Amino acid sequence: MMKYLTYYENDEIISTKDYREAVEELNRKNKGREVQRFVLHKYAFIFSLDEVRDASKYYLCKKHGDSLEVYLEKKNTEENLICKQIETITEAEGERILQGDIGWMKDDERPLVRDFYLQSTLNGLAYSHMKEFEREVYHYEKQDYVVFDKAVRRQVDHYFLECLFEDDVQVRVRRAKTIPRYILNMLVNIEPASEQWAYA
């Protein structure tokens with residue numbers, strides 16, 4: 001079943017010293033609450049047709065934590081409100097997509113998988129690049145999270161380029177925005193993402 005996330009996000013670059021102080025405070029505030037630590041590989045797909053503008057962004061994501069999670073992500077941004085749809089796929093399916101083998105997606109029962117196929121065949125959605133994030137996610141309050149990227153790297157051919165300076169950490173504050181239940185009831189095969197996703 002497809003999952004959705006809606007949240008407001010603000011991001012800043014801070015020093016490692018400020019990062020350590022923030023983590024200390026978050027650990028004190030959330031004693032005993034688990035911190036998510038993982039490496040996230042985001043394979044970005046872009047539209048090759050010039051006439052497709054202001055469209056959704058599509059990613060194939062591999063979340064390397066206690067176990068490997070592979071999923072498709074569709075992202076829309078309006079101001080600082082972000083709406084994501086997430087559909088879990090298998091590792092083998094992810095590899096097929098990266099190799100350009102997408103014919104099987106046409107009749108898949110998962111809506112986001114079919115949507116990815118349609119965007120690829122009709123609007124020229126094609127693989128662009130991969131970014132790697134060394135990420136920590138801390139619960140803040142209610143459904144709000146603080147996300148630290150201690151490293152961000154972009155893959156160019158067989159090399160990785162650092163996107164942050166050595167003493168920098170990217171911090172994102174993500175405040176949940178809940179879709180009203182009566183709207184949610186109208187949507188088919190969709191459910192709110194559980195905390196395990198925590199805005200990966």
Side-chain angles (χ1 to χ4, degrees), residues 1-44 54-66 69-88 111-112 115 131-153 163-165 167-200:
M1 186 172 284
M2 187 164 57
K3 299 172 179 63
Y4 80 89
L5 298 168
T6 51
Y7 55 89
Y8 295 102
E9 178 176 88
N10 297 94
D11 63 274
E12 295 286 339
I13 303 294
I14 62 174
S15 68
T16 52
K17 177 179 179 292
D18 289 338
Y19 154 74
R20 285 192 292 269
E21 289 175 0
V23 164
E24 196 174 303
E25 184 60 35
L26 286 165
N27 282 331
R28 192 165 35 248
K29 180 178 174 61
N30 294 301
K31 212 167 202 126
R33 192 158 192 140
E34 186 178 342
V35 176
Q36 290 192 49
R37 291 182 177 87
F38 53 90
V39 173
L40 180 66
H41 289 162
K42 291 192 82 160
Y43 298 82
D54 300 323
S56 302
K57 294 182 180 177
Y58 290 81
Y59 302 93
L60 168 66
C61 301
K62 295 184 179 183
K63 184 178 173 183
H64 303 265
D66 295 334
E69 295 174 40
V70 183
Y71 55 94
L72 289 176
E73 176 183 290
K74 180 180 179 179
K75 179 179 178 181
N76 294 85
T77 305
E78 184 68 40
E79 300 289 330
N80 65 341
L81 176 65
I82 295 172
C83 299
K84 286 184 184 178
Q85 296 174 5
I86 294 169
E87 189 72 72
T88 302
L112 187 53
D115 180 44
K131 272 190 176 179
E132 177 183 82
F133 302 83
E134 289 183 25
R135 183 162 287 182
E136 290 181 358
V137 181
Y138 291 79
H139 182 261
Y140 182 60
E141 58 182 27
K142 296 183 181 175
Q143 292 178 297
D144 300 347
Y145 291 84
V146 181
V147 178
F148 295 103
D149 289 322
K150 298 196 292 183
V152 180
R153 302 177 187 93
C163 299
L164 293 175
F165 289 116
D167 192 43
D168 287 348
V169 175
Q170 185 169 43
V171 59
R172 304 170 193 266
V173 178
R174 297 180 171 180
R175 300 182 315 274
K177 171 69 176 165
T178 306
I179 294 178
R181 175 53 61 184
Y182 69 91
I183 298 291
L184 190 59
N185 289 341
M186 290 187 267
L187 302 175
V188 179
N189 292 328
I190 192 168
E191 67 177 19
S194 65
E195 192 169 296
Q196 83 179 80
W197 293 95
Y199 311 108

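Values reported hereafter were calculated over all heavy atoms of this structure, with side chains retained and with hydrogens, waters and symmetry mates removed. From a predicted model like this one, the values you see are computed outputs, not experimental measurements.
A cation-pi contact, defined as under 6.0 Å to the ring centre and within 45° of the axis, is absent between K177 and Y7.
When every heavy atom of L112 is checked against every heavy atom of L72, the shortest pair comes out as CD2-O, 3.7 Å.
Contacts of E25 classified as side chain to side chain contact (heavy atoms under 4.5 Å, CB included), with partners at least two apart in sequence or in another chain: R28. Take E141 and apply the side chain to side chain contact (heavy atoms under 4.5 Å, CB included) test, not counting sequence neighbours, and it matches K29, D144. Residues meeting the side chain to side chain donor-acceptor pair (under 3.5 Å) test with Y19, sequence neighbours left out: E136.
Note: H139 NE2 to Y145 OH = 5.0 Å, rounded to the nearest 0.5 Å. We find the CG-CG distance between D149 and D168 to be 12.0 Å, quoted to the nearest 0.5 Å. With rounding to the nearest 0.5 angstrom, the CD atom of E12 is 11.0 Å from the CG atom of D18. Note that the CD atom of E21 and the OG1 atom of T16 stand 10.0 Å from one another [nearest 0.5 Å]. The CD atom of Q85 sits 7.5 Å away from the OG atom of S56 when rounded to the nearest 0.5 Å. Here NZ of K75 is found 11.0 Å from SG of C83. Values are rounded to the nearest 0.5 Å.
Residues Y4 and I86 are not in side-chain contact: their nearest non-hydrogen atoms beyond the backbone lie 4.5 Å or more apart. Using a 4.5 Å cut-off on side-chain heavy atoms (C-beta onward), V169 and I13 make no contact. Looking only at side-chain heavy atoms (C-beta outward), L40 and E132 stay at 4.5 Å or farther from each other. Residues D11 and Q170 have side chains in contact (heavy-atom distance under 4.5 Å, counting atoms from C-beta outward). Between Q36 and K63 there is a side-chain heavy-atom pair separated by less than 4.5 Å. A 4.5 Å side-chain heavy-atom check between N80 and E9 finds every atom pair outside the cut-off. By the 4.5 Å heavy-atom criterion applied to side chains, F148 and V23 are counted as neighbours. No side-chain heavy atom of Y140 sits under 4.5 Å from any side-chain heavy atom of V173.
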Verify side chain to side chain donor-acceptor pair (under 3.5 Å) between D115 and Y58, making sure each step is shown before the conclusion. CA-CA 10 Å; D115 180 44; Y58 290 81; 2.6 Å; yes

Should V147 and R135 be marked as a side chain to side chain contact (heavy atoms under 4.5 Å, CB included) after you check the CA-CA gap, both sets of side-chain angles, and the distance that decides it? CA-CA 7 Å; V147 178; R135 183 162 287 182; 3.5 Å; yes

Does N27 form a side chain to side chain contact (heavy atoms under 4.5 Å, CB included) with V35? I'd like the steps, not just the answer. CA-CA 9 Å; N27 282 331; V35 176; 4.0 Å; yes

Determine, stepwise, if the pair D167 / S15 fulfils side chain to side chain donor-acceptor pair (under 3.5 Å). CA-CA 6 Å; D167 192 43; S15 68; 4.9 Å; no

Step-by-step salt bridge (Lys or Arg N to Asp or Glu O under 4.0 Å) determination, E134 to R153: CA-CA 9 Å; E134 289 183 25; R153 302 177 187 93; 2.8 Å; yes

Check step by step if ring-ring contact (aromatic ring centres under 6.0 Å, His included) holds for Y59 and Y71. CA-CA 8 Å; Y59 302 93; Y71 55 94; 9.9 Å; no

Hey, mind stepping through N10 and R174 against side chain to side chain donor-acceptor pair (under 3.5 Å) and telling me if it holds? CA-CA 7 Å; N10 297 94; R174 297 180 171 180; over 6 Å; no

Check the pair R20 / E24 against salt bridge (Lys or Arg N to Asp or Glu O under 4.0 Å), numbers first and verdict last. CA-CA 6 Å; R20 285 192 292 269; E24 196 174 303; over 6 Å; no

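The pair K42-E73 meets the salt-bridge criterion, with a side-chain N (NZ, NE, NH1 or NH2) lying under 4.0 Å from an Asp/Glu carboxylate O.
Crowding of K57 atom NZ: a count of heavy atoms from other residues, nucleotides or ligands under 6.0 Å not exceeding 12.
Taking the centre of each ring, H64 and F38 stay at or above the 6.0 Å mark.
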